[in-house]
Amino acid sequence: FSAGGQKAPVVGSSALLARIRERKQAESGDAAPAAEQLLTRMIDHFREFGNRRTSAQLVARFKAECADALLFKQLLRQVAFQEGGTWVLHDKYADGPTSR
């Protein structure tokens with residue numbers, strides 16, 4: 001039931017489950033730890049691939065884990081900056097253990 005006969009985008013089951021988890025965490029006040037865990041996984045992902053990733057690569061890797069695009073962008077900007085069409089991990093996260 002969309003206006004103009006346009007179909008709504010199909011959402012996969014993993015994305016739906018991620019949204020349900022995010023809502024439950026937000027309701028219970030556990031959103032901050034979930035965001036910290038996602039941040040750690042993002043840093044580890046960058047390190048695994050030479051500290052550089054494209055937006056498409058990041059979205060493909062994390063879309064099932066974080067259905068909230070705004071939160072994802074905020075976290076991404078905390079750990080990386082854009083250089084051309086590539087995200088580059090900030091130097092302070094580039095080396096060492098991920099202990100956030």
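- Contact detail for Arg77 and His90: the closest heavy-atom pair is O-NE2, 3.8 Å.
- For the pair Met42 and Phe62, the tightest heavy-atom approach, listed with the atom from each and the gap, is CA-CZ, 3.6 Å.
- Side chain to side chain, Thr54 and Gln57 meet the donor-acceptor criterion of an N or O pair below 3.5 Å.
- Note: Glu48 CD to Arg41 CZ = 13.5 Å, rounded to the nearest 0.5 Å.
- Taking CG of Leu75 as the start and CD of Glu36 as the end, the distance is 8.5 Å to the nearest 0.5 Å.
- In the hydrophobic clustering, where aliphatic and aromatic side chains (Ile, Leu, Val, Met, Phe, Trp, Tyr) are joined below 4.5 Å either directly or transitively, Phe49 stands alone.
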For this session: Would you sort out whether Asp44 and Tyr93 count as a side-chain contact (heavy atoms from CB on, under 4.5 Å), showing the intermediate values?
Result: CA-CA 9 Å; Asp44 290 341; Tyr93 300 113; over 6 Å; no
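- Nearest heavy-atom pair across Cys66 and Leu38 is CB-CD2, 3.6 Å.
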Could you pull out every donor-acceptor pair under 3.5 Å between side chains of residues 82-89 and any protein atom, sequence neighbours left out?
unit_1: Glu83; atom_1: OE1; unit_2: Arg52; atom_2: NH2; d: 2.7
unit_1: Trp87; atom_1: NE1; unit_2: Ser55; atom_2: OG; d: 2.9

Exercise. So His45 and Leu58, side-chain contact (heavy atoms from CB on, under 4.5 Å) or not? Walk me through it.
Worked result: CA-CA 9 Å; His45 182 71; Leu58 291 166; 3.9 Å; yes
